[in-house]
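Everything numeric here is computed off the predicted structure, so don't read it as measured data. Letters go in sequence order (proteins before strands), and every chain restarts at 1.
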Amino acid sequence: MQEESRLLARARRGDPDAFERLVAPYERKMYALSLRMMGDPEDARDAAQDAMLRIWRALPDYEERASFATWVYRVTSSACLDALRKRKLRAHESLETMVDEGFSPASGEAGPEAALMAQARNERLAQGIGALPEDLRAALVLRDVQGERYEDVAQALGVSVGTVKSRIHRAREKLCAFLMQSPELFGARRVQRDVGKEAGKREL
Amino acid sequence: MNCETFASLLSRLWDGELSPDEEEALRLHAASCPRCAQLLAVWEDARDALAHLDDGVQPPEAFSQGWRDAVRREAFGQKRMRRRPLLRAVAGLAAALVLLVGSTALWREGMLPVAYPDGVRVEASAAPDVQEPGLMLARALPQQDVAEAAAGTAQPAQPVEEVETRMSQRAFMEDLARVCGAVLPWALGALAAALVAWAAVRQVRRKQIRRKDGSE
């Protein structure tokens, strides 16, 4: 924390080295947030870069009312929303393009079939997120993908905690309604497992 | 529990906010309602998948290098702007003053050499292989001769070998004093006004950035 304050002071005076060290820990999350918000690797890169420059320019005016991380996500969300307003939301790029741009689908499951399944699920999720309205999408990504607390999401988006909870609830409902259309990817195995559990209980 | 209540509890289940009793009631309902069981399974799958969606995302090199380069460019530009702003302003003012004095002197009573006949020395001699006699004529002759030459009524021009203009030092100093007396207060006033306007614009811009980042 002390190190962050020291770097912050130096970066505010225009030291680019200090700025690099200050924001480097947030670089990956900023890009990931942009990727989910923009739904396209190239647009995500542009929006995240724009966000970095906004942070650099606005650093002398940062008043430390929110934590630096929250402020960074606020500026990134703002840059993404501005970029989205400037263009019509295009259809999502395929997962192949995302892989080319540095995305590798994470999978805790072994074997090529499981990896393919995880890849297909991630692609479907990305499509579902991209289909959400922008305000719901920002709240959902910050909370459920990036794991931020409700209070931090509210600060990052400049709305109340109640509004954030409402947005996230609606976003989850919409997303899950979309995912219900792919029962082979979402829910089927869990239902089978639960049915198996119930049958086991009855036998006992 | 009915299906509507069941659906309203799903978001709290997602966040782990349900009491053990509430969760048990929810799962009991799901066990007796295939549609709600499917819904619950999708919500839980989605929660787990979203939490790991970005595990493999790494920022591409173009982004990592791009923002670093862009920030360095801006930092370098800002440093140059910040470095000795007063000197830059004074230098600009001095350049403008010199330009003003120079042009005033030149246009004081017309174009040289008519304006300062004493300061102009023209030496001409025959040089048959000169390429642009017309141009040299214009430089060397008074204006009425130039007009005659243009109309074709003048005698064939003598090619000019050397044209040297020398401004009268006294006249220049007179112009300088006159311009300084008349223009310097205005120039300083304009500089002060520009500085105030710049500070105001900067303040407004900062407020805009703060409002934008604070409201979104």
Is it the side chain or the backbone of A:Tyr150 that comes within 4.5 Å of chain B heavy atoms, both, or neither?
side chain

Between atom CZ of A:Arg121 and atom CG of B:Asp48, what is the distance when rounded to the nearest 0.5 Å?
8.0 Å

Portion of A:Asp46 that has a non-hydrogen atom of chain B nearer than 4.5 angstrom:
neither

Heavy-atom neighbours of B:Glu24 CD exceed 12 at 6.0 Å:
no

Please flag which part of B:Leu10 lies under 4.5 Å from any non-hydrogen atom of chain A: side chain, backbone, both or neither.
neither

Show the nearest heavy-atom pair for residues B:Ala75 and A:Trp56, with the distance to one decimal.
CB-CZ2, 3.5 Å

Are A:Phe186 and B:Gln38 side-chain neighbours, meaning at least one heavy-atom pair lies under 4.5 Å?
no

Spacing of A:Gln146 atom CD and B:Leu53 atom CG [to the nearest 0.5 Å]
10.0 Å

Would you call A:Phe19 and B:Val71 a side-chain contact if the rule is heavy atoms closer than 4.5 Å?
yes

If you look at every heavy atom in B:Ser8 and A:His169, which pair is closest and at what distance?
O-CE1, 4.4 Å

So does A:Arg143 pair up with B:Asp15, basic N to acidic O under 4.0 Å?
yes

By a 4.5 Å heavy-atom criterion (distance strictly below it), what part of A:Val141 contacts chain B: side chain, backbone, both, or neither?
neither

Taking 4.0 angstrom as the limit, do A:Arg45 and B:Glu61 come out as a salt bridge?
no

When you compare the side chain of B:Arg68 with that of A:Glu27, does any pair of heavy atoms fall below 4.5 Å?
yes

Is the closest basic N to carboxylate O distance between B:Asp54 and A:Arg36 below 4.0 Å?
yes

Gap between atom CD of A:Glu20 and atom CH2 of B:Trp67 - 0.5 Å precision
5.0 Å

Quick one: closest heavy-atom pair of A:Pro16 and B:Arg72, and the distance?
CG-NH1, 3.7 Å

Determine, for B:Trp14 and A:Arg172, whether the Lys NZ or Arg CZ falls below 6.0 Å from the six-membered ring centre while staying within 45 degrees of the axis.
yes

Interface moiety of B:Ala7 toward chain A, non-hydrogen atoms closer than 4.5 Å
backbone

Going by heavy atoms in the side chains, are B:Val57 and A:Leu35 under 4.5 Å from each other?
yes

Carefully, step by step, assess A:Lys165 and B:Arg12 under the rule side-chain contact (heavy atoms from CB on, under 4.5 Å).
CA-CA 10 Å; A:Lys165 283 193 171 181; B:Arg12 287 179 57 209; over 6 Å; no

Just verifying a value: how many Å separate B:Asp45 CG and A:Ser182 OG, rounded to the nearest 0.5 Å?
11.5 Å

Reported CD-to-CE distance for the pair B:Glu74 and A:Met52, which is rounded to 0.5 angstrom:
13.5 Å

When rounded to the nearest 0.5 angstrom, what distance separates OG in B:Ser11 from CD in A:Glu173?
7.5 Å

A:Lys29 versus chain B, heavy atoms under 4.5 Å apart: side chain, backbone, both or neither?
neither

Close side-chain approach of A:Leu179 and B:Trp43, heavy atoms under 4.5 Å
no

Pick one of side chain, backbone, both or neither for A:Leu175, based on which atoms fall under 4.5 Å of a heavy atom in chain B.
side chain

